[in-house]
Amino acid sequence: MKKTWTVIIVIVLALLASACNYDDYETGDGRYSYLRTDFCLIHTTGNPVQADRMTTDDGQNIEFQSPVKVSWAEKSDTIYRALVNYDVSSNNVFSVAQVVVMGATEAKNYSNIIDDPLDIESAWVGGRFLNIGLAFKVGNAENNDLRQKIGLILDSLNTDNNGQKHLYIRILHAQNGVPEYYTVRNYISMPLTSYMQGAIIHLSANTYSGEKTFSFNN
């Protein structure tokens, strides 16, 4: 079966830094001094669906002060990847944004490879995921059904003569006719299998500045 490209569902319009979290917007005990944003796995409950707790990428299990409605989550008693903004002193949650999770597949399983440019703003390993911060162009279109698409190709996973594993991943992007008026940012997370653990990751893409490859330890 040919691979169907994953459609970006959620666009995070706020500018998010490349680190895995934000700590202390201001010093002291000001209004925002305990705000933090974490990549995590949330657990859902209830009807309508709400998030009641999370496990952060650094392994903290946090019960929310009160359940938070999550309009994009479809099922109760389910685990979702998310970006949560909350008060660390009270565990009061202000926002829960979806992070799209997708796996990588071999190029031969794609029926049509399109390699339109985008930018990689950040990439790191956390919570047993390869996390990628992307920036791409969007704009209003007469056809509201137009959607950009993102895919991940597993170029290779091999071991060199020194026993070091290398994981080669390529990001694919289809602009799909969407006008390119302004830049928005989004995150995707790729699960890392046990065999991928410890590999040096080589992440490549066709960017607005040309072909680029980012390499970092896992």
Side-chain angles (χ1 to χ4, degrees), residues 1-10 12 16-21 37-44 54-62 73 78-84 97-136 148-174 185-207 211-218:
M1 178 181 293
K2 294 299 184 180
K3 174 71 174 180
T4 300
W5 286 37
T6 300
V7 179
I8 292 180
I9 301 171
V10 175
V12 181
L16 299 176
S18 60
C20 296
N21 58 62
T37 302
D38 272 317
F39 286 82
C40 62
L41 297 174
I42 62 166
H43 174 266
T44 57
M54 69 177 177
T55 301
T56 66
D57 280 2
D58 58 7
Q60 295 186 67
N61 295 309
I62 298 175
T78 304
I79 302 298
Y80 290 94
R81 185 79 170 147
L83 186 62
V84 176
Q98 182 183 15
V99 175
V100 175
V101 176
M102 65 179 70
T105 191
E106 295 181 12
K108 66 182 181 181
N109 293 324
Y110 279 87
S111 58
N112 183 28
I113 292 179
I114 302 174
D115 207 8
D116 293 330
L118 47 62
D119 277 334
I120 300 175
E121 295 200 327
S122 57
W124 72 97
V125 173
R128 295 186 179 180
F129 290 93
L130 168 60
N131 304 292
I132 309 169
L134 301 174
F136 45 93
Q148 297 188 56
K149 298 180 181 180
I150 296 291
L152 295 175
I153 283 183
L154 174 60
D155 281 337
S156 64
L157 176 58
N158 52 55
T159 303
D160 63 25
N161 292 334
N162 296 319
Q164 174 63 59
K165 292 183 289 188
H166 294 265
L167 174 63
Y168 294 86
I169 299 291
R170 183 169 187 83
I171 302 175
L172 297 181
H173 172 225
R185 291 161 174 84
N186 199 352
Y187 290 99
I188 59 175
S189 291
M190 187 192 88
L192 295 172
T193 65
S194 58
Y195 184 70
M196 294 176 180
Q197 298 293 324
I200 295 176
I201 296 175
H202 307 276
L203 181 67
S204 63
N206 176 27
T207 76
E211 180 71 17
K212 288 187 178 180
T213 298
F214 305 81
S215 298
F216 51 95
N217 292 326
N218 171 7

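Just the heavy atoms: all of them, side chains too, but no hydrogens, waters or symmetry mates, feed the values below.
- The side chain to side chain donor-acceptor pair (under 3.5 Å) test with His166 singles out one residue from Asn218, Asn158, Asp160, Asp155, and that residue is Asp160.
- The backbone N or O of Gln164 sits nowhere less than 3.5 Å from a side-chain atom of Asn162 that would complete a donor-acceptor pair.
- Contact annotation: the side chain of Tyr168 never approaches that of Thr213 to less than 4.5 Å [non-hydrogen atoms, C-beta and beyond].
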Gln197 vs Val125, side chain to side chain contact (heavy atoms under 4.5 Å, CB included): CA-CA, chis, key distance, verdict: CA-CA 10 Å; Gln197 298 293 324; Val125 173; 5.6 Å; no
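- Side chain of Thr55 to backbone of Leu41: no donor-acceptor contact under 3.5 angstrom is found.
- One finds the CG atom of Asp116 at 8.5 Å from the CG atom of Leu118 (value rounded to the nearest 0.5 Å).
- With hydrogens and angles disregarded, a donor-acceptor distance shorter than 3.5 Å links the side chain of His173 to the backbone of Pro117.
- A donor-acceptor pair is defined here as one N or O able to donate and one able to accept, closer than 3.5 Å; no such pair exists between the side chain of Asp38 and the backbone of Thr56.
- When all heavy atoms of Tyr187 and Gly133 are compared, the pair lying nearest together is CD2-CA, 3.5 Å.
- Contact check for Met196 versus Lys165: no side-chain heavy atoms found under the 4.5 Å cut-off.
- Rounding to the nearest 0.5 Å gives a distance of 14.5 Å between CD1 of Ile169 and CZ of Phe214.
- Note that CE of Met102 and CZ of Phe129 are 12.5 Å apart. Values are rounded to the nearest 0.5 Å.
- Contact between Leu157 and Tyr195 at its shortest, heavy atoms only, is CD2-CD2, 3.1 Å.
- By the 4.5 Å heavy-atom criterion applied to side chains, Asn131 and Arg81 are counted as neighbours.
- A distance of 7.5 Å separates OG in Ser156 from CG in Leu167, rounded to the nearest 0.5 Å.
- In this structure, Trp124 and Phe39 have perpendicular ring planes: the angle between them is above 60°, well past the 30° mark.
- Rounded to the nearest 0.5 Å, atoms CD (Gln148) and CD1 (Ile114) are 11.5 Å apart.
- Residues Leu172 and Leu152 form no side-chain contact, since every pair of their non-hydrogen atoms from C-beta on lies 4.5 Å or further apart.
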Working for salt bridge (Lys or Arg N to Asp or Glu O under 4.0 Å), residues Arg185 and Asp119: CA-CA 9 Å; Arg185 291 161 174 84; Asp119 277 334; over 6 Å; no
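- When all heavy atoms of Val99 and Ser189 are compared, the closest pair comes out as CG1-OG, 3.5 Å.
- In this structure, Val84 and Ile62 have side chains that are not in contact, with every pair of non-hydrogen atoms separated by 4.5 Å or more.
- Gly103 and Met190 get closest at one heavy-atom pair: CA-CG, 4.1 Å.
- Ile171 has its side chain within reach of Leu203: a pair of non-hydrogen atoms, C-beta onward, lies under 4.5 Å apart.
- If you take CG on Asp57 and SG on Cys40, they are separated by 7.5 Å, rounding to the nearest 0.5 Å.
- With a 4.5 Å cut-off on side-chain heavy atoms, Asn186 and Ile150 do not count as touching.
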